[in-house]
Amino acid sequence: MPNENMEINTICADAEASQFTLHSCKGDEQKTLKENVKPNKLPKIKILGTGGTIASKGASSSHTAGYHVDLTIQELLEAIPNISGICDIEYEQLCNLDSKEIGQEALYKIYRGVSDALQRFDGIVITHGTDTLSETTFFIESCIDSGEVPIVFVGSMRPSTSVSADGPMNLYQAICIAANKQSRGRGVLVSLNDQISAGYYITKKNANSLDSFNVRQGYLGNFVNNEIHYYYPPVKPFVCHKFKLKVPADAKTMSLPNVYILYAHQSFSADLVEAVSKSCDGIVIATMGAGSLPDEVNARCLTLDIPVVYSKRSVDGMVPTANLPTALPNKNYNVFASGYLNPEKSRILLQLCLYENYSLEQIGEIFRGVYGGQ
Ligand SMILES: NC(=O)C[C@H](N)C(=O)O
């Protein structure tokens with residue numbers, strides 16, 4: 001349960017000194033205590049390690065590519081400023097992978113790790129590679145109702161061995177964010193490069209820069225010099241459909257249906273789409289513009305027996321339903337627009353719909369929900 005008694009406001013420029021003020025939230029008796037006065041109860045934060053660049057080492061301090069995952073979550077925690085005045089932590093290594101290797105088994109471990117921690121902790125922090133971070137955040141936001149407990153994902157763009165490695169500061173900030181009362185009720189968050197973002201919307205936009213995550217709907221707040229500034233009151237994306245992942249409690253993994261992503265381009269082939277459709281349960285297409293595909297591809301998609309989601313190559317913007325092809329007579333309509341979702345998030349949403357055995361009609365409703373329930 002969230003800690004009702006304590007609100008933490010960090011006020012000191014010197015993080016090492018850990019001079020935090022602790023405000024008792026009980027009625028009128030608002031007291032300000034220095035960190036050396038032992039608080040009764042600090043927020044309890046669970047930290048789950050999964051790997052990524054944040055847990056990587058390179059060949060030398062000037063290398064920012066070609067590194068490998070080599071650090072445990074304990075070693076990562078040893079490299080950050082003192083947090084003993086902020087929260088009590090417990091940590092666990094779920095896996096230690098570059099995020100390109102995260103498949104259903106690792107994703108399920110993260111899901112289980114978060115679900116278990118929700119019962120006993122006030123906040124959860126997950127270290128994760130940035131390449132597929134937005135897929136995991138979208139999956140967790142779609143499958144877990146976290147109530148008041150913030151779930152904060154964090155990664156880094158530089159390996160731990162590089163000059164000006166960003167990992168330790170990002171991790172420190174993520175823990176502060178998870179422990180902060182203002183973060184309650186905000187669902188899945190991402191802490192990276194001093195920004196706090198919404199896990200549902202966030203997307204990796206730059207393959208190299210420290211400011212790699214930045215999307216229009218994404219930023220919720222800022223972390224500066226130990227201060228956390230949210231721009232809005234607690235909010236979760238109201239377009240997010242919550243799925244109940246029905247997996248037996250003793251299962252080691254889940255088995256989501258196969259959904260493939262195809263990237264459209266000039267001369268994009270209808271035969272390719274049809275050939276792929278024979279070996280999967282659904283297709284997502286990164287269309288040109290806002291749902292544009294050659295007429296022949298549109299016509300072929302409508303004849304398939306599996307759902308096809310039209311997403312987009314462009315990082316920003318959306319695919320409106322008005323750009324979908326017109327239904328064939330006497331054939332169930334199997335083509336859906338992804339709205340604001342990029343291809344990889346559309347893939348997860350379609351996988352979850354298929355896992356639930358939703359009908360084409362229900363899948364249509366879920367995807368229309370992405371626009372805000374139109
Ligand atoms: N910056 C990173 O974390 C990239 C890394 N390849 C990963 O996703 O694990």
Would you say that [X] contacts [Y] through its side chain, given a criterion of any heavy-atom pair below 4.5 Å between the two side chains?
| X | Y | answer |
| --- | --- | --- |
| Val273 | Cys301 | yes |
| Met288 | His265 | no |
| Ser191 | Phe223 | no |
| Leu77 | Ile175 | yes |
| Thr321 | Phe367 | no |
| Ile366 | Phe336 | no |
| Cys353 | Phe243 | yes |
| Leu354 | Ile363 | yes |

[Y] backbone acceptor or donor facing [X] side chain under 3.5 Å:
| X | Y | result |
| --- | --- | --- |
| Thr132 | Glu135 | no |
| Asp194 | Asn222 | no |
| Asn170 | Asn193 | yes |
| Glu90 | Lys46 | no |
| Ser183 | Ala179 | no |
| Thr161 | Gly58 | yes |
| Glu141 | Val188 | yes |
| Asp281 | Asn258 | yes |
| Gln93 | Ile73 | yes |
| Lys44 | Arg120 | yes |

Ion pair check, Lys246 and Glu356, cut-off under 4.0 Å | yes

If you measure from [atom1] on [X] to [atom2] on [Y], what distance do you get to the nearest 0.5 Å?
| X | Y | atom1 | atom2 | value |
| --- | --- | --- | --- | --- |
| Thr50 | Glu101 | OG1 | CD | 12.5 Å |
| Leu341 | Met318 | CG | CE | 10.0 Å |
| Leu76 | Leu171 | CG | CG | 6.5 Å |
| Ile83 | Ile45 | CD1 | CD1 | 9.0 Å |
| Leu324 | Leu302 | CG | CG | 9.0 Å |
| Ile124 | Ile144 | CD1 | CD1 | 7.5 Å |

Identify the two heavy atoms, one from [X] and one from [Y], that lie closest to each other, and give their separation to 0.1 Å.
| X | Y | answer |
| --- | --- | --- |
| Gln351 | Val259 | CG-CG2, 3.6 Å |
| Tyr260 | Ser279 | CE1-O, 3.6 Å |
| Leu107 | Ile102 | N-CG2, 4.1 Å |
| Ile202 | Ser197 | CD1-CB, 3.2 Å |
| Asp70 | Glu75 | O-OE1, 4.0 Å |
| Leu71 | Lys57 | CD2-CE, 3.7 Å |

Name all pairs fulfilling the salt bridge (charged side-chain N to carboxylate O under 4.0 Å, His left out) condition that reach into [range], sequence neighbours left out, sorted by first residue then second.
| range | answer |
| --- | --- |
| residues 261-276 | Asp271-Arg300, Glu274-Lys278, Glu274-Arg300 |
| residues 314-341 | Lys205-Asp316, Arg216-Asp316 |
| residues 285-294 | none |

Begin with the C-alpha distance, continue with both residues' side-chain angles, and end with the deciding distance and a verdict on side chain to side chain donor-acceptor pair (under 3.5 Å) for Glu344 and Asn342.
-> CA-CA 6 Å; Glu344 57 270 29; Asn342 63 20; 3.3 Å; yes

Joint cluster assignment, [X] & [Y], ILVMFWY side-chain distance < 4.5 Å:
| X | Y | result |
| --- | --- | --- |
| Val247 | Phe139 | yes |
| Leu304 | Val276 | yes |
| Ile80 | Leu210 | no |
| Leu349 | Val309 | yes |
| Tyr263 | Val319 | no |

With a cutoff of under 4.5 Å between side-chain heavy atoms, which Ile, Leu, Val, Met, Phe, Trp and Tyr residues group with Val69?
->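 Grouped by the 4.5 Å side-chain rule, Val69 forms a cluster of one, so the answer is none.
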
Looking just at side-chain N and O atoms, do Ser209 and Asp211 make a donor-acceptor pair shorter than 3.5 Å?
->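 Asp211 and Ser209 do not have a side-chain donor-acceptor pair below 3.5 Å.
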
side-chain contact (heavy atoms from CB on, under 4.5 Å) between Asp145 and Lys236, worked out | CA-CA 11 Å; Asp145 187 351; Lys236 291 182 188 169; 4.1 Å; yes

Residue that, paired with His128, satisfies side-chain contact (heavy atoms from CB on, under 4.5 Å) out of Ile110, Val190, Ile54 = Ile110

Check the pair Val370 / Ser338 against side-chain contact (heavy atoms from CB on, under 4.5 Å), numbers first and verdict last.
-> CA-CA 7 Å; Val370 172; Ser338 73; over 6 Å; no

Would you say Glu296 has more than 12 foreign heavy atoms packed within less than 6.0 Å of its CD?
-> no

Taking it one step at a time, do Gln173 and Val154 satisfy side-chain contact (heavy atoms from CB on, under 4.5 Å)?
-> CA-CA 9 Å; Gln173 293 186 354; Val154 59; over 6 Å; no

Can Ser99 and Leu133 be said to form a side-chain contact (heavy atoms from CB on, under 4.5 Å), step by step?
-> CA-CA 7 Å; Ser99 72; Leu133 186 137; over 6 Å; no

Quick one: do Tyr231 and His229 satisfy ring-ring contact (aromatic ring centres under 6.0 Å, His included)? Show the steps, please.
-> CA-CA 6 Å; Tyr231 307 134; His229 302 281; 8.5 Å; no

Run the side-chain donor-acceptor check on residues 61-68: report pairs under 3.5 Å with partners two or more places apart or on a different chain.
unit_1 : atom_1 : unit_2 : atom_2 : d
Ser62  : OG     : Ser60  : OG     : 3.1
His63  : ND1    : Ser60  : OG     : 2.8
Tyr67  : OH     : Thr53  : OG1    : 2.7

Tell me the ring-ring contact (aromatic ring centres under 6.0 Å, His included) pairs involving residues 75-118, sequence neighbours left out?
->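 Pairs touching residues 75-118 that pass the test: Tyr108-Tyr111.
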
Among Thr287, Asn323, Asn298, which one satisfies side chain to side chain donor-acceptor pair (under 3.5 Å) with Tyr310?
->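 For Tyr310, the side chain to side chain donor-acceptor pair (under 3.5 Å) check succeeds only for Asn298.
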
